[in-house]
Amino acid sequence: MMEEIQSKQERSRKFETEVIHSGYDALKHFGSLAPPIFQTSTFVFPDAQSGERRFAGEEEGYIYSRLQNPTVEMLEQRIAALEKAEKGLAFGSGMAAVSAVLMGMVKTGDHILCSEGVYGCTFGLLHFMQERFGVSHSFQSMDGEEQIRAAIRPETALIYVESPINPTMKLVDLKLVAEIAKEFGIPVVVDNTFSSPYLQRPLELGCDVVIHSATKYLCGHGDVIGGLAAGSKELMSHLSMTTQKDIGGVMSPFDAWLLLRGMKTLPVRMDRHCSNAAELAKQLRKHPRISKVLFPGDPEFAQYTLASRQMDGPGGLISFEICGTKEDAQRFMNALELIKIAVSLGDAETLIQHPATMTHAVVPPEDRAAMGISETLLRLSVGLEAWQDIWADIEQALNT
Ligand code: 3LM
């Protein structure tokens, strides 16, 4: 058994190769180098009995694109290969993935233990689940072993973390959380959107499920809304037969195709996002009108050691606080010329947003303060432009 696992690992190809080739065999599709888009809602059965057998799970074959679609399956296999998972699932948005995973893994009376902050809509979903379905949650910084143990309740059924957390860039020690969770038999779900599998693979650190807003780095071109989840075959099959199929937030074949295309360049794009962000973080740190810089690649970053151990690169997001008030932050944004004011992240274009009034506007002010989101905090998604041009824009806007 061990030999079998080892030889499988040896055979597993490097990330840069997998991201281009996994999940697709051109020779099975008329030699078409680009994967075909199976733009169909339904599939024709050869006869009535075959249809019956497919519905009963006794015969291989497609039925209907909400259940399976060949183009979408290619993407699901690709994310599984990249995240070192047994099985992947694709959804119509990152939030469709988050809601399908959470609702498929907990029940009324359960408790979800969360990282100290989460994306605004995930926060909204957790509250909705508490009010409507009786699933409670609590937030914890998860800074040390004792703190994590103390936060686990008898009814804790799931640990949900973002790392880095949107938008404060705080990290969670995924290996530590996974080790403790294992002792209690609690699954750990990680939203890996900010890192992408190129920089961080939570399943290798012992976590159980990975989620992505594929809208971001995986797509990379700002033209798709999509979500992905990956984990064990058993758990993913359960989700596929329940919350994916019956809530039905699935991905379209065309969006899957755009993602298969965009993801091929993830490593080269991500290297550039990281190096651009590292240069900009250095400049921001030196500027007198910037009071705080939050970037995992900055040696002054509070969790720099953890970032270096857990991530293969710092990522392309920098959050920073500007001296003054909310109005000063907004004035700065309005003075930018090259950088676009927009939510979302991971695109070729550099984007800036004001979390307190945008991505985390639904979070009540006291919860925002507890997460570390001030009125002057801005989040910069560093794009692929020349970093000198991005900095020149920031500098001129700061001096305005
Ligand atoms: C944003 N974030 O600008 P979709 N998980 C994380 C995310 O950052 C997001 C999702 C899940 C932003 C979107 S705000 C209106 C725009 C860590 C999205 C949800 O459903 O694909 O948008 O992903 O921070």
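Quick caveat: nothing in here was measured; it's all calculated off a predicted structure. These values consider heavy atoms only, across backbone and side chains, with no hydrogens, waters or symmetry-generated copies. Each ligand, and each atom within it, is numbered from 1 in the order the structure gives.
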Worksheet item: Ion pair present between R309 and D173, side-chain N to carboxylate O less than 4.0 angstrom?
Response: yes
A quick test of your reading: do over 12 heavy atoms of other residues, nucleotides or ligands sit less than 6.0 Å from CD of E52? no
Under 3.5 Å, is there a donor on one side chain and an acceptor on the other for K216 and S213?
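Note: K216 and S213 side chains meet the donor-acceptor criterion.
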Sorted by chain and residue number, the side chain to side chain donor-acceptor pair (under 3.5 Å) partners of E73 (sequence neighbours excluded) come out as Y62
Donor-acceptor pair, distance only, cut-off 3.5 Å: does the side chain of H273 make one with the backbone of L317? no
Whether the side chain of Q244 engages the backbone of A90 through a donor-acceptor N/O pair (distance < 3.5 Å, no angle test) should be reported. yes
So if I only count non-hydrogen atoms and take anything under 4.0 Å from ligand 1, which residues does that give, chain by chain?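 Within the 4.0 Å shell of ligand 1, which is judged on heavy atoms, sit S93, G94, M95, Y119, E162, N166, D191, T193, S213, T215, K216, G226, V343, S344, L345, T359, R379.
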